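Below you'll find the structure, written out as structure tokens, and then a few comments.
Worth saying up front: this structure is predicted, and the values here are computed from it rather than measured.
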Amino acid sequence: MGQLSFYSAEARQPRVADLAGLLCGPGQAVGFGRGAAAKVSVELAEPWRAHAVALACAERGVQAEVSPTEDGRRLLRTAFRCDLAPLATAWLRGTEKAVPDDLELDGPALRIWALTAGALETSGYLLGLDPLAPETHPLLAAALLRLGLAGHLLGPKAGGPALRFTGRRRLARLAELVGPTPVAAAHSFWPAA
């Protein structure tokens with residue numbers, strides 16, 4: 001019997017909680033009104049990423065605005081919303097980003113992380129991490145390991161901060177979890193089995 005794909009086997013509706021994938025990478029959450037509402041935002045370098053992440057947000061019933069930044073990037077941000085409050089509460093300790101103790105990643109959240117900060121390289125695949133939250137890096141590596149993905153942490157001097165995945169099996173597992181290449185993405189940005 002063949003192995004089921006975690007991405008395609010999850011015949012569930014997209015959830016707001018999937019937007020944790022933004023926060024695994026360089027995305028930010030901001031709470032408002034003592035936890036009553038929150039917003040998420042992320043700066044993206046490539047136009048296709050902004051389009052794909054905005055579409056992923058819309059699939060979850062969350063409208064995201066994309067605007068240019070002074071350095072030519074795109075800032076994607078949502079309005080303050082009550083349904084984003086649990087996400088921000090889980091990912092924030094005060095105003096600092098922190099990985100939730102009970103973080104369990106799945107295909108849809110991992111796909112959003114790859115849309116936000118994934119890149120194919122000659123020696124494997126990179127999932128970008130938040131340079132402003134280095135304490136999250138080992139915890140995210142551990143969450144991926146629980147998902148069956150062992151990645152190597154890269155510091156800024158080695159092309160990071162990022163997690164690098166190498167080897168045919170790991171890359172096939174990653175490709176299985178994140179699903180097919182988005183229409184807007186070049187194959188050079190997406191893991192392939």
Show your working on salt bridge (Lys or Arg N to Asp or Glu O under 4.0 Å) between E176 and R173 and close with a plain yes or no. CA-CA 5 Å; E176 173 189 27; R173 175 76 173 137; 3.2 Å; yes
Using side chain to side chain contact (heavy atoms under 4.5 Å, CB included), reason through K97 and L132 one step at a time and then give a plain yes or no. CA-CA 9 Å; K97 185 193 276 189; L132 303 175; over 6 Å; no
May I have the step-by-step check of side chain to side chain contact (heavy atoms under 4.5 Å, CB included) for R164 and E121, ending in yes or no? CA-CA 9 Å; R164 176 184 283 150; E121 61 172 14; 2.4 Å; yes
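Considering L76, V62, T78 in turn, T78 is the only one that fulfils the side-chain contact (heavy atoms from CB on, under 4.5 Å) rule with V40.
Ring pair Y125/W190: centre-to-centre distance not below 6.0 Å.
One distance of note links CG of L19 with CD of E59; it measures 10.5 Å at 0.5 Å rounding. Expressed to the nearest 0.5 Å, how far CG of L23 lies from CG of D130 amounts to 9.0 Å. Note that CG of L87 is 11.5 Å distant from CZ of R81, once rounded to the nearest 0.5 Å. With rounding to the nearest 0.5 angstrom, the OG1 atom of T89 is 10.5 Å from the CG atom of L84. Atom CG of D83 sits about 13.5 Å away from atom CZ of R15, to the nearest 0.5 Å. Atom CG of residue L110 and atom CG of residue L149 lie 6.5 Å apart, to the nearest 0.5 angstrom.
Counting Ile, Leu, Val, Met, Phe, Trp and Tyr side chains that sit under 4.5 Å apart, directly or through other members, F32 shares a hydrophobic cluster with V30, F80.
Counting only distance, with no hydrogens or angles, the side chain of D106 and the backbone of A109 share a donor-acceptor pair below 3.5 Å. Without hydrogens or angle criteria, R60 side chain to V16 main chain gives no donor-acceptor distance under 3.5 Å. E104 places no side-chain N or O within 3.5 Å of a backbone atom of D102 that could act as its donor or acceptor partner. R74 places a side-chain N or O within 3.5 Å of a backbone atom of G72 that can act as its donor or acceptor partner. Side chain of R170 to backbone of G151: no donor-acceptor contact under 3.5 angstrom is found. Although no hydrogens or angles enter the test, the distance criterion places a donor-acceptor pair under 3.5 Å between the side chain of W113 and the main chain of G128.
More than 12 heavy atoms of other residues, nucleotides or ligands shown are found within 6.0 angstrom of CZ on R93. D101 CG: 12 or fewer foreign heavy atoms inside a 6.0 Å radius. Few gaps surround NE2 on H137; more than 12 heavy atoms of other groups in view lie less than 6.0 Å from it.
Across every non-hydrogen atom of V66 and A50, the tightest pair is CG1-CB, 3.8 Å. The two residues A54 and A64 have their closest heavy-atom pair at CA-CB, 4.5 Å. When all heavy atoms of L22 and I112 are compared, the pair lying nearest together is N-CG2, 3.7 Å. Closest of all the heavy-atom pairs between P134 and P131 is CD-O, 3.9 Å. Of all heavy-atom pairs spanning S41 and L75, the tightest one is CB-CD1, 4.3 Å. Closest approach of L103 to V99, counting heavy atoms only: CD2-CG1, 3.6 Å.
L140 is connected to L147 through a chain of hydrophobic side-chain contacts under 4.5 Å among Ile, Leu, Val, Met, Phe, Trp and Tyr, so both are in one cluster. When hydrophobic clusters are built by joining Ile, Leu, Val, Met, Phe, Trp and Tyr residues whose side-chain heavy atoms come closer than 4.5 Å, directly or via intermediates, L163 is grouped together with L115. Taking hydrophobic clusters as Ile, Leu, Val, Met, Phe, Trp and Tyr residues chained together by side-chain heavy-atom distances below 4.5 Å, V53 shares a cluster with W48. Cluster membership for L126 and V42, using ILVMFWY side-chain heavy atoms within less than 4.5 angstrom, is not shared.
With contacts defined as side-chain heavy-atom distances shorter than 4.5 Å, the pair C24/L105 qualifies. Put simply, the side chain of P182 reaches to within 4.5 Å of the side chain of R111, judged on heavy atoms. Between L129 and L153, some side-chain heavy-atom pair lies under the 4.5 Å cut-off. By the 4.5 Å heavy-atom criterion applied to side chains, F189 and L120 are not counted as neighbours. Within the 4.5 Å cutoff, the side chain of L171 has no heavy atoms near those of the T166 side chain.
Residue pairs that meet the salt bridge (charged side-chain N to carboxylate O under 4.0 Å, His left out) test with at least one member in residues 27-55, sequence neighbours left out, are E43-R73, E46-R49.
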